[in-house]
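Here's the structure we're looking at; comments come further down.
The sequence lines fix the lettering, A, B, ..., with proteins before strands; numbering per chain opens at 1.
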Amino acid sequence: MTDNRFDPSQADGRWQRAWEESGAFTADSDSEKPKSFILEMFPYPSGRIHMGHVRNYTMGDVLARYKKMRGFEVLHPMGWDAFGMPAENAAMEKKVHPGEWTHANIEGMKKQLKGIGFALDWTREFATCDPEYYGHEQALFLDMFEAGLVYRRSSEVNWDPVDMTVLANEQVIDGKGWRSGAEVEKRKLDQWFLKITDFAEDLLEGLDELKDWPEKVRLMQENWIGKSSGLEFSFDLSNGEKLPVYTTRPDTIFGASFCAIAADHPIAQGLGDDPAVAAFIEECKKGGTTAAELETAEKLGFDTGITAQHPFTGEAMPVFIANFVLMDYGTGAVMGVPGHDQRDFEFATKYKLPITRVVAKDASETDAPMGDEAEAGDGVIVNSDFLDGKSVDEAKAEVIARAENGGWGEGKTVWRLRDWGISRQRYWGTPIPIIHSPDHGPVPVPRDQLPVKLPEDIDFDEPGNPLERHPTWKHTTCPISGKPALRETDTLDTFANSSWYFLRFASQPDNAPFDPEEVAKWLPVQHYIGGIEHAILHLLYARFWTRALASIGKIDVKEPFAALFTQGMVTHETYALGDGSWLSPDEVRKDGAGWVTIADGAPVTAGRVVKMSKSKKNVVDPDAIIADYGADAVRWFMLSDSPPERDLPWSQDGIEGCGRFVQRLWRLFQQFDPAASGEDQPLARKAHQAIVAVAEDIEALSFNKAVARIYELTGATEKAEASESRNFAIRTLMHLASPMMPHLAEEAWACAGNDGLIADAPWPEHDPAMLVEDEVTIAIQHKGKLRDTLTAPKGASKEDLEALALASEKVQRSLDGAEIRKVIVVPDRLVNIVT
RNA sequence: GCGGGUGUGGCGGAAUGGUAGACGCCGGGGACUUAAAAUCCCCUGAGCUUUGCUCGUGCGGGUUCGAGUCCCGCCACCCGCACCA
């Protein structure tokens with residue numbers, strides 16, 4: 001027995017090399033074992049691994065290692081979501097090629113990930129910016145193009161006139177470009193779209209099958225897809241035109257008192273010659289789109305002077321241009337029913353339009369006055385001719401039926417989901433494999449010319465898309481006529497890259513994006529782990545892309561991720577000086593109850609615990625922590641205390657505690673004593689129970705509970721005398737801890753004289769007979785309050801337990817001679833005496 | 001506004017309707033040491049008239065022999081979406 005310390009600085013690297021050399025985590029798709037695909041959302045190679053990554057990948061790693069121990073052939077790959085804006089920004093700021101910057105980052109981050117000891121199959125690593133990868137992506141794009149799932153149309157975009165580029169909505173801040181600060185313009189550009197709306201119904205219904213997804217994410221996707229059903233019909237207008245409107249409340253049609261159209265509605269645009277109309281349309285465009293602005297925005301309207309004829313009453317209703325009507329939902333026009341829609345109510349109040357009740361609590365309340373807001377709830381239809389007395393649902397069906405019979409409208413389902421605009425006027429992305437032919441329009445690049453590679457010799461000295469102004473790249477010939485033609489210079493949205501990468505992880509043939517048979521072996525992903533921020537876009541696009549490929553016969557799986565887990569953020573206290581400037585954790589120290597700067601002792605305010613971010617300076621660098629405490633301590637911290645779906649507050653005290661526990665386990669592991677003999681039943685029992693409990697906790701992803709179990713068994717084992725049972729407990733702890741602290745476990749395993757890697761060893765067997773206690777603690781209650789506890793043999797009869805309870809001195813004192821009315825006995829648990 | 005979540009010691013958090021606070025962190029006391037670090041042991045929800053008693057899981061009710069857990073009504077905070085007709 002030696003009392004040396006575990007030295008991660010030399011042990012970690014040694015075991016990481018041992019895993020790599022033995023190929024311990026290389027997935028064999030020809031294996032006979034059941035398969036398990038464990039995947040964490042692959043990182044963007046921004047430069048450094050941060051604590052959020054460490055937490056995400058540690059969780060996946062524990063699962064992957066555990067599944068391997070349980071006899072699964074595990075696929076646990078890693079790659080790089082390598083296209084995107086930051087690389088281009090770096091190119092502009094640092095005069096470095098985006099590819100060079102990206103690859104340097106990948107090298108650095110890969111080294112960091114290896115230093116944490118993740119059980120990854122690095123043989124399947126790829127970056128989405130590899131021409132092989134994006135070439136296959138281009139092939140998939142062409143598959144979808146040929147299947148009619150891709151189309152081109154003119155669409156409005158945010159245009160930065162200084163950077164000469166399109167901005168995503170989140171890159172527009174207060175109406176200005178986030179980089180240039182220039183006033184952003186709306187511009188119409190021809191853009192490529194993927195027909196995700198073809199799959200709206202399917203994507204919505206598929207959510208029901210995703211039992212192992214968080215309810216929250218399913219609801220967010222459901223709302224995003226936004227199915228609604230109602231009636232689309234046309235009003236006859238006084239100018240002879242027709243005005244199609246969409247409503248989900250056809251039952252309230254007798255309450256309509258006006259029509260409203262969007263500012264960019266064709267009828268409004270047609271009136272644009274009138275300066276007053278033009279001014280109003282301009283006014284509508286100004287309004288901000290932030291939540292707060294919309295909340296307070298006043299309903300504004302402009303009476304066009306045109307009237308619409310009510311389909312049932314024949315009444316003439318005014319048609320307004322209104323700022324609250326959206327052109328891209330429904331038909332861009334609505335019928336206004338002020339009594340039963342809050343927006344219409346506000347509008348009608350402002351412009352003194354009639355507000356009629358057409359839904360009441362019951363049929364007798366026909367004339368009940370309207371309050372100061374619209375009544376959107378259920379009820380009975382009143383003041384509505386043939387609809388009177390019907391329920392809301394009956395009236396909806398009746399009006400839709402009459403409209404359809406009369407040929408002036410039809411029941412319709414409308415979706416909030418829009419088609420996916422995938423064109424980006426950027427260099428660092430997958431070139432869209434299309435050639436614009438003067439004679440044949442947009443033509444697919446012939447398959448034998450894929451990949452369409454990005455040119456290397458580009459510069460970012462001028463604003464705009466480097467592909468567009470490259471001297472030769474876009475010039476090519478039409479594949480049909482052979483005449484000169486131009487390449488598409490837009491690249492694909494980066495979300496396209498992450499929409500099928502899991503298929504490429506499952507199989508990597510040279511001549512195809514994937515092999516359907518290999519995909520069938522691994523998919524769906526058994527556990528997909530990542531941040532909640534991808535609840536909608538990435539996860540919806542990946543579901544769509546998988547379904548689209550299934551619909552054209554490329555694969556058999558429709559849902560890529562069987563189970564989804566969204567982990568919480570890593571947070572940290574913030575520190576600020578009096579002037580509000582932020583300080584990093586290593587610039588401050590505790591001073592009594594408060595905090596001061598290390599530099600000059602100036603008082604520091606410790607603020608809220610929030611997500612680690614550069615702007616708040618509350619980041620902690622994983623490398624520095626690993627250097628101080630080793631990889632296992634950091635991994636252990638990531639799994640301890642907080643449930644994985646909640647935020648994890650980082651603390652210096654916490655990581656020190658984890659570092660201490662690594663050493664404590666190491667000391668215990670060294671006490672494995674081959675010469676020891678004898679049984680220790682209670683300890684053996686605890687070890688067997690821990691084998692079962694830790695397994696259950698890991699499978700439920702309750703890592704914090706698994707950690708607590710390991711602490712408990714550790715404590716019990718430390719206290720026990722040497723025995724064969726104690727040796728068993730020590731070996732058990734090595735196995736139970738090995739998915740979480742793999743370096744320590746390997747070192748201890750080897751020191752105890754075992755051959756091979758503990759990573760390759762199976763999960764320990766438990767003896768079911770040892771799970772059952774032979775003695776139990778019984779709680780004795782009087783009137784529901786605890787009075788005493790006693791130990792009884794497991795399975796003691798109710799009569800015996802009752803007798804034991806009544807024999808207790810404490811119980812008798814509490815009873816104080818009162819008459820016993822009833823005694824409740826729960827075997828092996830408690831006795832409750834009621835007086 | 002709509003949808004969802006959370007609320008338990010100083011802190012992170014445990015708890016199939018059955019002994020609330022497992023486990024960890026912080027804190028206090030002690031042992032070892034010339035001393036420190038490391039390590040080990042004990043205490044650590046609040047209060048009280050302290051062999052013990054009372055109170056205690058955001059608040060107010062209810063069901064039950066028994067409620068952190070189930071039901072009804074509130075409050076606070078967090079997240080997502082949002083003029084979607």
With salt bridge (Lys or Arg N to Asp or Glu O under 4.0 Å) as the test, would you mind laying out the steps for A:E375 and A:R357 before giving the verdict?
-> CA-CA 9 Å; A:E375 293 179 16; A:R357 172 184 292 282; 3.0 Å; yes

Just checking A:L219: base, sugar-phosphate only, or nothing, at a heavy-atom cut-off of under 4.0 Å?
-> sugar-phosphate

Side-chain donor/acceptor of A:N832 to base of B:C65, under 3.5 Å | yes

Indicate, with a heavy-atom threshold strictly under 4.0 Å, whether A:N704 touches base, sugar-phosphate, or nothing.
-> sugar-phosphate

Sugar-phosphate only, base, or nothing, as touched by A:V245 at under 4.0 Å among non-hydrogen atoms | nothing

Any N or O donor-acceptor pair linking the side chain of A:K299 to the base of B:C83 at under 3.5 Å?
-> yes

Paired with B:G24 by Watson-Crick or G-U wobble geometry, both distances under 3.5 Å: which nucleotide is it?
-> B:C11

Just call it for A:R821: base, sugar-phosphate, or nothing, with non-hydrogen atoms closer than 4.0 Å on any strand.
-> nothing

Using both distances under 3.5 Å as the test, list the Watson-Crick or G-U wobble partner of B:G3, or none.
-> B:C79

Look for any protein N or O under 3.5 Å of an N or O in nucleotides 46-55 of chain B and output each such pair with its distance, or none.
{"from": "B:C55", "atom 1": "OP2", "to": "A:K785", "atom 2": "NZ", "distance (Å)": "3.0"}

In plain terms, say whether A:R709 and A:D697 are close enough for a salt bridge, that is, a side-chain N and a carboxylate O under 4.0 Å apart.
-> yes

On a heavy-atom basis, the closest approach of A:M612 and A:W650 is CE-CB, 3.5 Å

Paired with B:U49: which nucleotide, if any, by Watson-Crick or G-U wobble criteria at under 3.5 Å for both distances?
-> none

Pull out every protein N or O sitting under 3.5 Å from an N or O of nucleotides 78-80 of chain B, one pair per line with the distance.
{"from": "B:C79", "atom 1": "O2", "to": "A:K216", "atom 2": "NZ", "distance (Å)": "3.4"}

Are A:Y629 and A:W636 close enough that their ring centres sit under 6.0 Å apart?
-> no

Residue A:Y711, side-chain heavy atoms: nucleotide from B:G13, B:A14, B:G24 that is nearest | B:G24

Write down the distance separating the C1' atoms in B:C43 and B:G21, rounded off to the nearest Å.
-> 16 Å

Would you kindly compare A:R416 and A:R660 by the position of their nearest RNA chain B nucleotide and give the one closer to the 5′ end?
-> A:R660

Quick one: are the ring centres of A:Y351 and A:F258 less than 6.0 Å apart?
-> no

Determine the Euclidean distance between corresponding P atoms of B:C74 and B:G3; express it in Å to zero decimal places.
-> 14 Å

